[in-house]
> 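Below is one structure. I have some questions about it.
So you know, we letter chains A, B, ... as the sequences are listed, proteins then strands, and number each from 1. These numbers were taken from a predicted model, which means no experiment stands behind them. The figures that follow rest on heavy atoms only: side chains count, while hydrogens, waters and symmetry mates do not.
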Number of protein chains: 2
Amino acid sequence: MVKSLMNDTQLEAIAETFAALADHSRLLILHTLQRHPCYVNELCEKTGLKQANASKQLGILRNAGLIDGQRQGNLVRYSISEPMIFEICELVCSKIERDTRRRFEELAPGKRG
Amino acid sequence: MVKSLMNDTQLEAIAETFAALADHSRLLILHTLQRHPCYVNELCEKTGLKQANASKQLGILRNAGLIDGQRQGNLVRYSISEPMIFEICELVCSKIERDTRRRFEELAPGKRG
DNA sequence: TGACAATATCACCATATCGCTATATTGTAA
DNA sequence: TTACAATATAGCGATATGGTGATATTGTCA
């Protein structure tokens with residue numbers, strides 16, 4: 001077994017960041033916050049998530065250091081704290097598009113799209 | 001609830017890609033394959049993963065379209081099929097470094113590193 | 001064909017996670 | 001203080017996942 005350039009702690013930290021991104025609801029939240037910061041109730045309305053679930057997912061995103069929440073009286077205003085995630089998502093999206101196109105070509109070779 | 005620019009299928013596809021990246025063992029495999037393609041037994045040796053587990057995780061990575069496996073007689077040679085993942089990992093790594101440094105600064109303000 | 005090697009898959013246990021309801025916490029205003 | 005609103009947390013059931021040993025599959029060679 002080879003000595004790794006990456007140690008376990010680093011790998012675990014990277015894995016945790018990806019885990020925070022690996023959920024439909026949380027991606028939806030991030031996608032919503034990308035347009036503009038939101039209070040929790042707004043987020044629930046826009047995403048269709050229930051309040052308890054939204055709070056839970058927001059906590060996970062905040063723990064991962066991807067978003068930031070600031071109390072404003074009775075409300076909490078969440079915003080993206082790590083714009084880098086959109087670069088990442090764009091890379092993934094382009095990969096998925098490529099995959100989809102390739103799979104389509106395999107199914108219907110020569111067809112124009 | 002607002003109409004999303006991203007539909008559920010797209011979000012699910014993105015989430016699945018991140019899920020494939022959200023595991024310590026799989027990151028270790030990718031990190032190993034980044035240096036050069038490997039046969040399964042080599043991979044087991046280098047990563048310390050057991051054969052059954054390595055096969056399982058390799059299957060997940062292949063399903064996610066991140067790696068590619070080619071039979072060569074009795075062996076199967078795996079290689080990265082999506083170099084983009086290293087761009088992604090680098091972005092995440094730099095974020096983690098930043099976070100770590102910031103946390104360190106908060107604990108020991110003014111200290112030189 | 002049979003014996004063997006490399007890899008993949010199966011069945012299982014332990015653990016983690018999602019979304020839910022109910023409840024607790026925190027802040028405002030009277 | 002009480003009443004109320006916004007958010008967070010607890011606890012639950014259902015489901016998914018990681019790692020394991022055992023076994024199946026696939027390929028090589030005699």
> Roughly how many Å is it from CG in A:N63 to C1' in C:dT17, rounded to a whole number?
15 Å

> Could you state the atom-to-atom distance from NE2 of B:H24 to P of D:dG18 in whole Å?
13 Å

> Counting C-beta onward and ignoring hydrogens, is there a side-chain heavy-atom pair between A:V76 and A:L58 closer than 4.5 Å?
no

> Checking the side chain of B:E87 only, and the main-chain atoms of B:M84 only, is there a donor and an acceptor separated by less than 3.5 Å?
no

> Check this for me, if you would: do B:E105 and B:R101 make a salt bridge, where the nitrogen-to-carboxylate-oxygen distance has to be below 4.0 angstrom?
no

> Would one find a side-chain N or O of B:N41 under 4.0 angstrom from OP1 or OP2 of C:dT7?
yes

> Rounded to the nearest angstrom, tell me the gap between atom CD in A:Q70 and atom P in C:dG27.
14 Å

> Where is the tightest heavy-atom contact between B:G65 and B:E82, given as atom of each residue plus distance?
O-CB, 3.8 Å

> I want to verify a distance call: between D:dT28, D:dG19, C:dA8, whose nearest atom is closest to the B:D23 side chain?
D:dG19

> If I take atom CG in residue A:L61 and atom P in nucleotide D:dA8, what distance separates them, rounded to the nearest angstrom?
12 Å

> Measure all distances between protein nitrogen or oxygen atoms and nitrogen or oxygen atoms of nucleotides 20-23 of chain C, and list the pairs falling under 3.5 Å.
unit_1: C:dT21; atom_1: OP2; unit_2: A:K50; atom_2: NZ; d: 3.3

> What is the distance from atom NZ of A:K50 to atom NZ of A:K56, rounded to the nearest 0.5 Å?
14.0 Å

> Between C:dG19, D:dT26, C:dG27, spot the one nearest the side chain of B:N74, thanks.
D:dT26

> Tell me whether the OP1 or OP2 atom of C:dG19 has a side-chain N or O from A:S25 closer than 4.0 Å.
yes

> Does B:Q72 have a side-chain nitrogen or oxygen under 4.0 Å from the phosphate oxygens OP1 or OP2 of D:dG27?
no

> Could you give the CD-to-C1' distance, from A:E16 to C:dA16, as a whole number of Å?
13 Å

> Relative to the 5' end of DNA chain C, which residue comes earlier, B:G59 or A:R71, by the nucleotide with the nearest heavy atom?
B:G59

> Let me know the distance between CG of B:L28 and C1' of D:dG18, rounded to the nearest Å.
14 Å

> Across the strands shown, which category fits B:R77 at heavy-atom distances under 4.0 angstrom: base, sugar-phosphate, nothing?
nothing

> Between C:dT7 atom C1' and B:Q57 atom CD, what is the distance in whole Å?
15 Å

> Considering only heavy atoms from C-beta outward, does the side chain of B:Q10 approach that of A:H31 to under 4.5 Å?
no

> Write down the distance between CG (B:L21) and P (D:dT17), rounded to a whole number of angstrom.
14 Å

> Give the table of side-chain donor-acceptor pairs shorter than 3.5 Å for residues 11-28 of chain A, with sequence neighbours excluded, one pair per line with atom names and distance.
unit_1: A:T17; atom_1: OG1; unit_2: A:A13; atom_2: O; d: 3.1
unit_1: A:D23; atom_1: OD2; unit_2: A:S25; atom_2: N; d: 3.0
unit_1: A:D23; atom_1: OD2; unit_2: A:R26; atom_2: N; d: 3.2
unit_1: A:H24; atom_1: NE2; unit_2: B:D8; atom_2: OD1; d: 3.3
unit_1: A:R26; atom_1: NE; unit_2: A:A20; atom_2: O; d: 2.8
unit_1: A:R26; atom_1: NH1; unit_2: A:Q57; atom_2: OE1; d: 2.6
unit_1: A:R26; atom_1: NH2; unit_2: A:A19; atom_2: O; d: 3.1

> Can you figure out which of D:dT7, C:dA8, D:dG18 approaches the side chain of B:R62 most closely?
C:dA8

> With heavy atoms under 4.0 Å as the rule, sort B:L43 into base, sugar-phosphate or nothing.
nothing

> Whether B:Y39 contacts C:dA5 is assessed here as follows: a side-chain N or O lying under 4.0 Å from the phosphate OP1 or OP2. Is that the case?
no

> Mind checking what makes side-chain contact (heavy atoms from CB on, under 4.5 Å) contact with B:T100, not counting sequence neighbours?
B:I96

